[in-house]
> 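Quick one: the structure is below, and I'll ask about it shortly.
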Protein chains: 2
Amino acid sequence: MNELFAFFASFQELSSTEKKALAPLCSELKLKKNEELQPIGHTCRNIYFIKKGVARIYYYKDGVDITESFSFEGSVIVRVESLFLGVPSQKAIQVLEESEIVAIHAPGLFRLYDTFPLIERLFRKIFEKGYVETVQRLESLQFHTAEERYKALLNENADVLRRIPLKYIASYLGITQVSLSRIRAVSR
Amino acid sequence: MNELFAFFASFQELSSTEKKALAPLCSELKLKKNEELQPIGHTCRNIYFIKKGVARIYYYKDGVDITESFSFEGSVIVRVESLFLGVPSQKAIQVLEESEIVAIHAPGLFRLYDTFPLIERLFRKIFEKGYVETVQRLESLQFHTAEERYKALLNENADVLRRIPLKYIASYLGITQVSLSRIRAVSR
DNA sequence: GGATTCCTTTTACATTTGTTAAATAATCAC
DNA sequence: GTGATTATTTAACAAATGTAAAAGGAATCC
């Protein structure tokens, strides 16, 4: 749990009262490689903090497995479209390594917002950061070629390449695995 | 200003105290067609509410004008990556019709957050909605073909097609104008 | 540790999209 | 209104990406 509160502190200082209010909402999970954290079709009621491991959000388009995003240790992973709209998500969350996850119960969290404005502020800041990252990702998809996106990924997060199968990276970049293979062959 | 407070009320009820605190931060602007609301290179210090008209966020990639997003009357337009990170933005905001805009002074707004948790909540909700829309947009770019994206736009927001030049819509869809023209020729 | 399964690359060909340039259509300024 | 400007479409060719199938490598499971 320490990792989680260190993550929180990097956004917003909390008093011990607030920490005590948050703690009961958090439960630790251990998952084996490739296990699902959240299945398709469920409404998202948890915010997941990755203590150890990697996770991805994915879904199926015409039967093809598509990765929307990756998250690594020290960050959160959430199906925001489901969490904020309260509707079932067509996306699933899966861990790609043996992982340790802290699940934060969202309905309980949202109730705390009325009593603890600093908790509301904390999560506002967490999601503002996620928002910015999503805008930057959008930019990359909208205006850069597949090769540019691949090279940018290589620069910004080489860890992705080491820890995540290329078949997942391909759809994350918005291309097929064959196309990614070709791009890699050229830049070698 | 009424339109703005109606927009606020659709997210969060405010007392008259809170409204009175917000009002001095809001200033109305009138812009002629194609005028710039915010130039490239400036740090975003305003949240813009569109009372009347349309606006777009755009920038230049290799000298080519690229549209990141459109916003219509009754919604806000913000360069979030600049507003939340406090860094200069390479993007500009331009109106595409004669428009009436309400500028909300962001540094002043953020100071109100300490005194008025409901104002903080209001903007949390506004940006959560923007976050969700951005995730959905990302999905569309990552997994759908240009033709699918064009048709989806036609269904969801046919107004775009009526009010916005195709050259801007093309880069918004992540394709060239020639390619968009071809897609339109086929589906006719 | 050998067989099996899964991951990645390669090949060949089809399709889509980009690029450049020109033609046509629509809009704007005076 | 008319000429000039801007927007959109079309054409021809080049480059990038998709699809399907096969082959080579790597990892995994008794």
Side-chain angles (χ1 to χ4, degrees), chain A residues 31-36 53-54 56 58 60-67 70 94-98 140-154 158 160-188, chain B residues 31-36 53-54 56 58 60-67 70 94-99 140-154 158-188:
Chain A
L31 288 98
K32 292 193 202 112
K33 182 170 177 174
N34 294 331
E35 273 191 314
E36 283 210 344
V54 204
R56 68 173 183 130
Y58 74 99
Y60 292 98
K61 193 212 165 190
D62 305 333
V64 181
D65 175 319
I66 300 279
T67 295
F70 302 112
Q94 177 193 37
V95 303
L96 300 176
E97 298 174 355
E98 195 177 320
S140 140
L141 274 167
Q142 197 178 354
F143 314 127
H144 294 94
T145 63
E147 189 172 347
E148 287 170 339
R149 301 199 295 271
Y150 172 71
K151 287 186 175 164
L153 185 66
L154 222 134
V160 172
L161 275 295
R162 274 190 293 275
R163 294 169 67 180
I164 293 174
L166 290 170
K167 61 172 180 171
Y168 296 148
I169 295 176
S171 65
Y172 173 80
L173 292 173
I175 54 178
T176 61
Q177 200 184 346
V178 175
S179 193
L180 176 57
S181 223
R182 267 189 295 239
I183 287 166
R184 285 161 54 83
V186 174
S187 53
R188 207 169 40 203
Chain B
L31 288 99
K32 290 191 205 118
K33 182 170 178 173
N34 293 332
E35 272 191 314
E36 282 210 345
V54 204
R56 68 173 184 131
Y58 73 100
Y60 292 97
K61 193 212 165 189
D62 306 333
V64 181
D65 175 318
I66 300 279
T67 296
F70 303 112
Q94 178 192 37
V95 303
L96 300 177
E97 299 173 353
E98 194 177 320
S99 298
S140 139
L141 275 168
Q142 197 178 355
F143 313 128
H144 293 95
T145 62
E147 190 175 346
E148 288 169 338
R149 300 198 296 270
Y150 172 70
K151 288 185 175 166
L153 184 66
L154 223 135
D159 220 29
V160 172
L161 275 295
R162 274 189 294 274
R163 295 168 66 180
I164 294 173
L166 289 170
K167 60 172 181 172
Y168 297 150
I169 294 176
S171 66
Y172 171 80
L173 292 173
I175 54 179
T176 61
Q177 200 184 345
V178 174
S179 193
L180 176 58
S181 223
R182 266 190 296 238
I183 287 166
R184 285 162 53 83
V186 174
S187 53
R188 209 171 36 206

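Reminder, nothing fancy here: chain letters follow the sequence lines and each chain counts from 1.
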> Estimate the overall bend of the helix from dG1(C)-dC30(D) to dC30(C)-dG1(D) from the end axes over five pairs each, rounded to 10 degrees.
60°
> The criterion is side-chain contact (heavy atoms from CB on, under 4.5 Å); which residues satisfy it with Q94(A), sequence neighbours excluded?
N34(A), R56(A), Y58(A), L96(A), Y168(A)
> Could I get the full list of ring-ring contact (aromatic ring centres under 6.0 Å, His included) partners for F143(A), not counting sequence neighbours?
Y59(B)
> Excluding sequence neighbours, so at least two apart, what forms side-chain contact (heavy atoms from CB on, under 4.5 Å) with D62(B)?
none
> State which residues pass side-chain contact (heavy atoms from CB on, under 4.5 Å) with Q177(B); sequence neighbours excluded, sorted by chain then number.
K167(B), A170(B)
> Of K151(B), R149(B), H144(B), which is the lone residue that meets side-chain hydrogen bond (donor to acceptor under 3.5 Å, both in side chains) with E147(B)?
K151(B)
> Restricting to nitrogen or oxygen on both sides, can you table the protein-nucleotides 20-30 of chain D pairs closer than 3.5 Å?
none

> Can you check the L96(B) CG to dC28(C) C1' distance for me, whole Å?
17 Å
> Please identify each residue that fulfils side-chain hydrogen bond (donor to acceptor under 3.5 Å, both in side chains) with E97(B), with sequence neighbours left out.
R163(B)
> Please list, in numerical order, the residues of residues 141-152 of chain B that have a heavy atom closer than 4.0 Å to any atom of DNA chain C.
A146(B)
> Would you check if the side chain of E35(B) reaches a backbone N or O of V95(B) as a donor-acceptor pair within less than 3.5 Å?
no
> If we only count heavy atoms from C-beta on, is the L161(A) to L166(A) side-chain gap below 4.5 Å?
yes
> Quick one: closest heavy-atom pair of L173(B) and L141(B), and the distance?
O-CD2, 3.7 Å
> Identify, with sequence neighbours excluded, every residue that meets side-chain hydrogen bond (donor to acceptor under 3.5 Å, both in side chains) alongside K61(B).
E148(A)
> Just compare dT9(D), dT9(C), dA12(C) and give me whichever is closest to any side-chain atom of R184(A).
dT9(C)
> Under the side-chain hydrogen bond (donor to acceptor under 3.5 Å, both in side chains) test, which residues partner S140(A), sequence neighbours left out?
none
> Which residues satisfy the side-chain contact (heavy atoms from CB on, under 4.5 Å) test with V178(A), sequence neighbours excluded?
T176(A), R182(A)
> Any idea which of dT8(D), dA12(C), dT10(C) is nearest the R182(A) side chain?
dA12(C)
> Is S179(B) close enough to dG18(C) that one of its side-chain N or O atoms is under 4.0 Å from OP1 or OP2 there?
yes
> Find out whether I175(A) and Y150(A) are in side-chain contact, i.e. whether some heavy atom of one side chain is under 4.5 Å from a heavy atom of the other.
no
> Residues from residues 167-177 of chain B sitting under 4.0 Å of DNA chain C, heavy atoms only?
G174(B), I175(B), T176(B)
